[in-house]
Amino acid sequence: MSDFATGTAEQLDVALADGSSVSLDADSAIAVDFTGKERRITLLRGRAYFDVAKDAQRPFVVEAASGATRALGTRFAIHEWDGTVTIAVEESAVSVVAPNRSTVTIGVGQNVSYGEEGMGEIGAVDLASEMAWRRGKLIFEDKPLRQVVADVNRYRKGTIKVTDRRLNDLRISGIFDIRNPEGVLDAIAAALPVRLTRLTDYLVLVRPV
(Lines give C-alpha, C1' and ligand atoms only; values in the text may rest on other atoms or scores of the structure.)
Protein backbone atom coordinates (compact mmCIF):
# COMPACT_ATOMS: atom_id res chain seq x y z
CA MET A 1 0.00 0.00 0.00
CA SER A 2 2.99 2.33 0.27
CA ASP A 3 4.23 4.73 -2.39
CA PHE A 4 7.65 5.10 -0.79
CA ALA A 5 9.36 2.79 1.71
CA THR A 6 12.73 2.01 3.25
CA GLY A 7 14.22 -1.22 4.54
CA THR A 8 16.43 -2.01 7.52
CA ALA A 9 19.18 0.62 7.98
CA GLU A 10 18.06 2.43 4.80
CA GLN A 11 17.01 6.09 4.54
CA LEU A 12 15.35 7.90 1.65
CA ASP A 13 14.70 11.51 0.59
CA VAL A 14 11.58 12.01 -1.52
CA ALA A 15 10.58 15.06 -3.59
CA LEU A 16 6.79 15.33 -3.82
CA ALA A 17 4.82 16.74 -6.73
CA ASP A 18 3.79 19.91 -4.85
CA GLY A 19 7.36 20.91 -4.03
CA SER A 20 7.31 19.46 -0.52
CA SER A 21 9.93 16.93 0.54
CA VAL A 22 9.92 13.95 2.88
CA SER A 23 12.88 12.20 4.51
CA LEU A 24 12.14 8.62 5.54
CA ASP A 25 14.00 6.94 8.36
CA ALA A 26 14.91 3.26 8.24
CA ASP A 27 12.08 0.71 8.02
CA SER A 28 9.49 3.39 7.26
CA ALA A 29 6.72 3.76 4.68
CA ILE A 30 4.27 6.39 3.46
CA ALA A 31 1.31 6.50 1.10
CA VAL A 32 0.64 9.76 -0.82
CA ASP A 33 -2.80 11.00 -1.87
CA PHE A 34 -2.81 14.48 -3.42
CA THR A 35 -6.03 15.97 -4.82
CA GLY A 36 -7.09 19.41 -5.95
CA LYS A 37 -8.40 20.16 -2.45
CA GLU A 38 -5.98 18.44 -0.07
CA ARG A 39 -2.51 16.93 0.26
CA ARG A 40 -2.76 13.83 2.43
CA ILE A 41 0.01 11.45 3.46
CA THR A 42 -0.36 8.32 5.55
CA LEU A 43 2.61 7.26 7.66
CA LEU A 44 2.23 3.50 7.51
CA ARG A 45 5.17 2.77 9.76
CA GLY A 46 8.38 4.29 11.09
CA ARG A 47 9.47 7.92 11.08
CA ALA A 48 9.43 10.76 8.57
CA TYR A 49 10.52 14.39 8.39
CA PHE A 50 8.38 16.79 6.36
CA ASP A 51 9.36 20.07 4.71
CA VAL A 52 6.04 21.37 3.41
CA ALA A 53 5.60 23.71 0.45
CA LYS A 54 3.08 26.46 1.08
CA ASP A 55 -0.30 26.06 -0.63
CA ALA A 56 -3.14 27.88 1.11
CA GLN A 57 -5.73 26.15 -1.06
CA ARG A 58 -4.62 22.60 -0.22
CA PRO A 59 -4.01 21.66 3.42
CA PHE A 60 -1.14 19.24 4.12
CA VAL A 61 -2.25 16.45 6.47
CA VAL A 62 -0.33 13.43 7.75
CA GLU A 63 -2.31 10.50 9.13
CA ALA A 64 -0.68 8.05 11.53
CA ALA A 65 -2.23 5.39 13.79
CA SER A 66 -5.81 6.75 13.61
CA GLY A 67 -4.71 10.33 14.34
CA ALA A 68 -3.80 13.24 12.06
CA THR A 69 -1.35 16.15 11.95
CA ARG A 70 -2.10 19.24 9.87
CA ALA A 71 0.76 21.51 8.88
CA LEU A 72 0.31 25.17 9.80
CA GLY A 73 3.83 25.91 8.58
CA THR A 74 6.65 23.90 7.14
CA ARG A 75 9.04 21.56 8.96
CA PHE A 76 8.14 18.80 11.42
CA ALA A 77 8.78 15.11 12.11
CA ILE A 78 6.38 12.28 12.95
CA HIS A 79 7.51 9.07 14.61
CA GLU A 80 5.31 6.00 15.07
CA TRP A 81 6.71 3.55 17.61
CA ASP A 82 5.11 0.72 19.54
CA GLY A 83 1.58 2.04 18.99
CA THR A 84 2.49 5.61 19.96
CA VAL A 85 2.86 8.57 17.59
CA THR A 86 5.17 11.49 18.47
CA ILE A 87 5.20 14.80 16.57
CA ALA A 88 8.01 17.36 16.89
CA VAL A 89 8.03 20.79 15.24
CA GLU A 90 11.16 22.41 13.83
CA GLU A 91 9.51 25.40 12.15
CA SER A 92 6.12 27.15 12.53
CA ALA A 93 3.35 24.93 13.99
CA VAL A 94 1.07 21.94 13.48
CA SER A 95 -2.40 20.98 14.67
CA VAL A 96 -2.66 17.43 16.02
CA VAL A 97 -5.82 15.32 16.39
CA ALA A 98 -5.62 12.12 18.47
CA PRO A 99 -7.75 9.01 17.85
CA ASN A 100 -10.20 10.15 20.56
CA ARG A 101 -10.58 13.48 18.65
CA SER A 102 -8.78 15.60 21.25
CA THR A 103 -6.81 18.38 19.54
CA VAL A 104 -3.73 20.48 20.35
CA THR A 105 -1.51 22.91 18.46
CA ILE A 106 2.25 22.78 19.00
CA GLY A 107 4.97 25.15 17.83
CA VAL A 108 8.73 25.33 17.34
CA GLY A 109 10.68 23.23 19.83
CA GLN A 110 7.61 21.41 21.12
CA ASN A 111 6.44 17.83 20.83
CA VAL A 112 3.41 15.80 21.74
CA SER A 113 2.50 12.11 21.62
CA TYR A 114 -0.79 10.32 21.18
CA GLY A 115 -2.07 6.77 21.24
CA GLU A 116 -5.38 4.98 21.39
CA GLU A 117 -5.93 6.34 24.91
CA GLY A 118 -5.72 9.95 23.71
CA MET A 119 -3.36 12.92 23.67
CA GLY A 120 -0.33 13.30 25.92
CA GLU A 121 1.10 16.46 27.43
CA ILE A 122 2.86 19.04 25.28
CA GLY A 123 6.58 19.02 25.99
CA ALA A 124 9.77 20.84 25.06
CA VAL A 125 12.11 18.97 22.74
CA ASP A 126 15.80 19.26 21.91
CA LEU A 127 15.52 19.48 18.13
CA ALA A 128 19.15 18.51 17.56
CA SER A 129 18.54 15.26 19.43
CA GLU A 130 15.11 14.65 17.93
CA MET A 131 16.38 15.04 14.36
CA ALA A 132 19.75 13.33 14.94
CA TRP A 133 18.72 10.28 12.88
CA ARG A 134 18.99 12.51 9.79
CA ARG A 135 22.70 12.95 10.65
CA GLY A 136 23.37 9.27 11.25
CA LYS A 137 22.95 9.36 15.04
CA LEU A 138 20.45 8.11 17.59
CA ILE A 139 20.32 10.32 20.67
CA PHE A 140 18.27 9.14 23.64
CA GLU A 141 17.71 11.44 26.60
CA ASP A 142 15.90 9.60 29.39
CA LYS A 143 13.83 7.60 26.88
CA PRO A 144 11.82 4.48 27.79
CA LEU A 145 13.34 1.16 26.83
CA ARG A 146 10.39 0.32 24.57
CA GLN A 147 11.09 3.41 22.44
CA VAL A 148 14.81 2.68 22.28
CA VAL A 149 14.17 -0.91 21.19
CA ALA A 150 11.68 0.24 18.54
CA ASP A 151 14.31 2.62 17.15
CA VAL A 152 17.17 0.13 17.15
CA ASN A 153 15.05 -2.52 15.44
CA ARG A 154 14.93 -0.22 12.39
CA TYR A 155 18.69 -0.39 11.99
CA ARG A 156 19.43 -3.96 12.93
CA LYS A 157 18.64 -7.10 10.95
CA GLY A 158 16.39 -9.33 13.00
CA THR A 159 14.41 -8.45 16.11
CA ILE A 160 15.09 -7.29 19.66
CA LYS A 161 12.22 -8.35 21.91
CA VAL A 162 11.53 -7.31 25.51
CA THR A 163 10.09 -10.37 27.25
CA ASP A 164 8.72 -8.65 30.37
CA ARG A 165 6.46 -5.63 29.92
CA ARG A 166 7.60 -4.27 33.29
CA LEU A 167 10.94 -3.46 31.64
CA ASN A 168 9.44 -1.24 28.96
CA ASP A 169 9.47 1.95 31.04
CA LEU A 170 13.08 1.67 32.22
CA ARG A 171 14.94 4.80 31.07
CA ILE A 172 18.13 5.08 29.05
CA SER A 173 20.30 7.90 27.70
CA GLY A 174 23.14 7.92 25.20
CA ILE A 175 24.44 8.90 21.76
CA PHE A 176 24.86 6.12 19.21
CA ASP A 177 25.91 5.69 15.60
CA ILE A 178 23.12 4.17 13.50
CA ARG A 179 25.78 2.09 11.71
CA ASN A 180 26.48 0.31 15.01
CA PRO A 181 23.15 -0.79 16.52
CA GLU A 182 24.97 -3.41 18.60
CA GLY A 183 26.42 -0.51 20.57
CA VAL A 184 22.93 0.32 21.83
CA LEU A 185 22.45 -3.27 22.95
CA ASP A 186 25.73 -3.12 24.86
CA ALA A 187 24.61 0.11 26.56
CA ILE A 188 21.25 -1.39 27.52
CA ALA A 189 22.95 -4.38 29.13
CA ALA A 190 25.43 -2.17 30.99
CA ALA A 191 23.00 0.48 32.24
CA LEU A 192 19.82 -1.42 33.08
CA PRO A 193 18.91 -4.40 35.30
CA VAL A 194 18.43 -6.67 32.30
CA ARG A 195 20.24 -9.50 30.57
CA LEU A 196 20.44 -10.18 26.86
CA THR A 197 19.86 -13.64 25.42
CA ARG A 198 20.95 -14.07 21.81
CA LEU A 199 18.96 -16.99 20.48
CA THR A 200 20.25 -16.45 16.94
CA ASP A 201 22.00 -13.66 15.05
CA TYR A 202 18.53 -12.33 14.30
CA LEU A 203 16.70 -12.67 17.63
CA VAL A 204 17.80 -11.05 20.89
CA LEU A 205 15.67 -11.27 24.03
CA VAL A 206 15.81 -8.58 26.72
CA ARG A 207 14.99 -10.24 30.05
CA PRO A 208 14.92 -9.23 33.71
CA VAL A 209 18.02 -10.00 35.72
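For the numbers below, each heavy atom of this structure counts, side chains included, while hydrogens, waters and symmetry mates do not.
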- request: Enter the distance from R70:CZ to L72:CG here, rounded to the nearest 0.5 Å.
  value: 7.0 Å
message: Parallel, tilted or perpendicular, judged at 30° and 60°: which one describes the rings of F176 and F140?
response: tilted
field: Check: A128 main-chain N/O paired with R135 side-chain donor or acceptor under 3.5 Å
entry: yes
message: As a test of understanding, state which of L205, V204, V206 forms a side-chain contact (heavy atoms from CB on, under 4.5 Å) with T197.
response: L205
message: Check whether T6 reaches the backbone of L12 with its side chain - one donor and one acceptor, N or O, closer than 3.5 Å.
response: no
- request: Output yes when a side-chain donor or acceptor of R195 lies under 3.5 Å from a complementary backbone atom of A189, and no otherwise.
  value: no
Side-chain donor or acceptor of D51 paired with backbone N/O of R75 under 3.5 Å: no
field: Side chains of T69 and S95 in contact at under 4.5 Å (non-hydrogen atoms)
entry: no
message: Tell me the closest heavy-atom pair linking K143 and V148, and the distance in Å.
response: CB-CG2, 4.1 Å
- prompt: Which value, rounded to the nearest 0.5 Å, describes the distance between R166 atom CZ and D169 atom CG?
  reply: 12.5 Å
- prompt: Is the backbone of G120 close enough, under 3.5 Å, to the side chain of S113 for a donor and an acceptor to pair up by distance?
  reply: no
- prompt: Taking everything shown except D201 itself, do over 12 heavy atoms lie less than 6.0 Å from its CG?
  reply: no
- request: Could you walk me through whether V89 and N111 pass the side chain to side chain contact (heavy atoms under 4.5 Å, CB included) test, one step at a time?
  value: CA-CA 7 Å; V89 178; N111 69 354; over 6 Å; no
task: Would you please test S23 and D13 for side-chain hydrogen bond (donor to acceptor under 3.5 Å, both in side chains) and show each step?
output: CA-CA 4 Å; S23 297; D13 292 326; 2.7 Å; yes
task: Kindly determine whether F60 and V62 satisfy side chain to side chain contact (heavy atoms under 4.5 Å, CB included), including the steps that lead there.
output: CA-CA 7 Å; F60 191 101; V62 182; 3.7 Å; yes
statement: Residues R146 and T84: closest non-hydrogen pair is NH1-OG1, 3.8 Å
message: For a quick test of reading the model, state the closest non-hydrogen atom pair linking Y114 to A68 and the distance between them.
response: OH-N, 3.8 Å
field: Side chains of T74 and F50 in contact at under 4.5 Å (non-hydrogen atoms)
entry: no
message: Working to the nearest 0.5 angstrom, can you tell me the gap between Q147 CD and R171 CZ?
response: 8.5 Å
query: Under a 4.5 Å cut-off applied to non-hydrogen side-chain atoms, are V32 and F4 in contact?
result: yes
message: Let's go through D151 and R47 carefully: what are the C-alpha distance in whole Å and the side-chain angles of both, what is the deciding distance for salt bridge (charged side-chain N to carboxylate O under 4.0 Å, His left out) to 0.1 Å, and is it a yes or a no?
response: CA-CA 9 Å; D151 262 357; R47 174 162 47 192; 3.3 Å; yes
message: Set out, in order, the CA-CA distance, both residues' side-chain angles and the distance that settles side chain to side chain contact (heavy atoms under 4.5 Å, CB included) for T86 and V112, then state yes or no.
response: CA-CA 6 Å; T86 300; V112 73; over 6 Å; no
statement: To the nearest 0.5 Å, atom OH of Y49 lies from atom CE of M131 at 6.0 Å
- prompt: Should V22 and I41 count as side-chain neighbours, where that means a heavy-atom distance under 4.5 Å?
  reply: yes
- prompt: Can you list the steps and then say if F76 with V52 is a side chain to side chain contact (heavy atoms under 4.5 Å, CB included)?
  reply: CA-CA 9 Å; F76 59 98; V52 180; 3.7 Å; yes
message: With heavy-atom distances below 4.5 Å as the criterion, would you say the side chains of R165 and N168 are in contact?
response: yes
message: If we ignore hydrogens and angles and just use 3.5 Å, is the side chain of E38 paired with the main-chain N or O of T35 as donor and acceptor?
response: no
query: Between R45 and E80, is there a side-chain N and carboxylate O pair less than 4.0 Å apart?
result: no
- prompt: Between N153 and I160, is there a donor-acceptor pair closer than 3.5 Å when you use the side chain of the first and the backbone of the second?
  reply: yes
field: Cation over ring face, R179 and Y155, 6.0 Å, 45°
entry: no
query: Within the side chain of S2, is there an N or O that forms a donor-acceptor pair under 3.5 Å with the backbone of A5?
result: no
message: Can you tell me if L196 has over 12 outside heavy atoms packed within less than 6.0 Å of its CG?
response: yes
query: Do K157 and T8 have side chains that get closer than 4.5 Å, going by heavy atoms?
result: yes
query: Regarding H79 and D25, is there a side-chain donor-to-acceptor distance under 3.5 Å anywhere?
result: no
- line: Scanning both residues in full, the closest heavy-atom pair of P99 with A65 reads CG-O, 3.6 Å
query: Does R154 come within less than 4.0 Å of D27, counting only side-chain N to carboxylate O?
result: no
message: Check whether T42 reaches the backbone of L44 with its side chain - one donor and one acceptor, N or O, closer than 3.5 Å.
response: no
field: N-O pairing of D18 and R39 below 4.0 Å
entry: yes
query: Nearest heavy-atom pair of D164 and P208: which atoms, and what distance?
result: OD2-CG, 3.5 Å
- prompt: Is a side-chain donor or acceptor of S173 paired with a backbone partner of D142 at a separation under 3.5 angstrom?
  reply: yes
message: Does any part of the side chain of K37, heavy atoms only, come nearer than 4.5 Å to the side chain of R58, both counted from C-beta?
response: no
query: Can you tell if the side chain of I30 reaches within under 4.5 Å of the side chain of D3, non-hydrogen atoms only?
result: no
task: State, without any angle test, whether S129 and E141 hold a side-chain donor-acceptor pair at a distance under 3.5 Å.
output: yes
field: Heavy-atom pair with the smallest gap, counting every atom of L24 and A48
entry: CD2-CB, 3.8 Å
message: Can you tell me how far apart CH2 (W133) and CD1 (I178) are? Round to the nearest 0.5 Å.
response: 9.5 Å
- prompt: Say you draw a straight line from CG of L199 to NZ of K161; how long is it, rounded to the nearest 0.5 Å?
  reply: 11.5 Å
